[in-house]
Engineer: 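Submitted below is the structure of interest, expressed as structure tokens.
Hydrogens, waters and symmetry mates are skipped; everything else that's a heavy atom, side chains included, is used. FYI, the numbering just counts along the sequence from 1.
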Amino acid sequence: MPHSVLDNPENCRFELSIDADAIAAAYYRMEADVLVLIHTEVPFEFSRAGFATKLANGVFAILRERQQKVAPRCVFMANYAVHHPEYSDLIC
């Protein structure tokens, strides 16, 4: 089953459905026109299964599509950005 990342602006997070009861989430806040990624969360029982990376792939694809400037303050997302220089033009 393909997993897709959705923006849930009401909860200030991007979501990746893992199963019927679990999601991975990347929380953010807006500062002026910059989306600040502040925390990434994957349920413990799904850790090390690649869901955080799938989430990051989807988040950055959405940001690319929007041409949205981003400040990755979350350690995971900041590390992802370093290893994916194709997004460097979006990073603040």
Engineer: Which donor-acceptor pairs under 3.5 Å do side chains of residues 73-81 form with protein atoms, sequence neighbours excluded?
Structural biologist:
from	atom 1	to	atom 2	distance (Å)
Asn79	OD1	His83	ND1	3.3
Tyr80	OH	Asn57	OD1	2.5

Engineer: If I compare all heavy atoms of Ala25 with all of Leu55, which pair ends up nearest, and what's the gap?
Structural biologist: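 Nearest pair, atom of Ala25 first, then Leu55: C-CD2, 3.5 Å.
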
Engineer: For residues 27-41, pull every pair meeting salt bridge (Lys or Arg N to Asp or Glu O under 4.0 Å), keeping only residues two or more places apart or in separate chains.
Structural biologist: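 Applying salt bridge (Lys or Arg N to Asp or Glu O under 4.0 Å) to every pair that reaches into residues 27-41, excluding sequence neighbours, yields Arg29-Glu31.
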
Engineer: Is the shortest side-chain N to carboxylate O distance from Asp89 to Arg64 below 4.0 Å?
Structural biologist: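 Arg64 and Asp89: salt-bridged.
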
Engineer: Within a reach of under 6.0 Å around CD of Glu86, are more than 12 heavy atoms found that belong to other residues, nucleotides or ligands?
Structural biologist: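 Count over threshold, so yes.
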
Engineer: Rounded to the nearest 0.5 Å, what separation is found between the CG atom of Leu37 and the CG atom of Leu63?
Structural biologist: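 Between Leu37 CG and Leu63 CG, I get 6.5 Å after rounding to 0.5 Å.
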
Engineer: Under 4.5 Å between side-chain heavy atoms, chaining through other members, with only Ile, Leu, Val, Met, Phe, Trp and Tyr counted: pull out the rest of the cluster around Ile23, sorted by chain and number.
Structural biologist: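 Ile23 shares its hydrophobic cluster with no other residue.
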
Engineer: Using a 4.5 Å cut-off between side-chain heavy atoms of Ile, Leu, Val, Met, Phe, Trp and Tyr, which other residues end up in the same hydrophobic cluster as Ile38?
Structural biologist: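 Result for Ile38 is Tyr27, Val34, Val36.
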
Engineer: Roughly how far, to the nearest 0.5 Å, is the CZ atom of Arg13 from the OH atom of Tyr28?
Structural biologist: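 Rounded to the nearest 0.5 Å, the OH-CZ separation comes to 10.5 Å.
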
Engineer: Using 0.5 Å steps for rounding, measure from the OG atom of Ser4 to the NZ atom of Lys54.
Structural biologist: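 So the OG of Ser4 and the NZ of Lys54 are separated by 12.0 Å.
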
Engineer: According to side chain to side chain contact (heavy atoms under 4.5 Å, CB included), who are the partners of Ala22, at least two apart in sequence or on a separate chain?
Structural biologist: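 By the side chain to side chain contact (heavy atoms under 4.5 Å, CB included) rule, Ala22 matches Ile18, Asp19, Pro43, Phe46.
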
Engineer: Counting C-beta onward and ignoring hydrogens, is there a side-chain heavy-atom pair between Leu35 and Met30 closer than 4.5 Å?
Structural biologist: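 When only atoms from C-beta onward are counted, Met30 and Leu35 do touch, with a gap below 4.5 Å.
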
Engineer: Are the side chains of Tyr87 and Val70 in contact, using a 4.5 Å heavy-atom criterion?
Structural biologist: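 No, side chains not in contact.
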
Engineer: Name all residues meeting the side chain to side chain contact (heavy atoms under 4.5 Å, CB included) criterion together with Ile62; count only those two or more places apart in sequence or in a different chain, and write none if there are none.
Structural biologist: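 With sequence neighbours excluded, Ile62 shows a side chain to side chain contact (heavy atoms under 4.5 Å, CB included) to Val5, Phe14, Arg66, given in chain and number order.
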
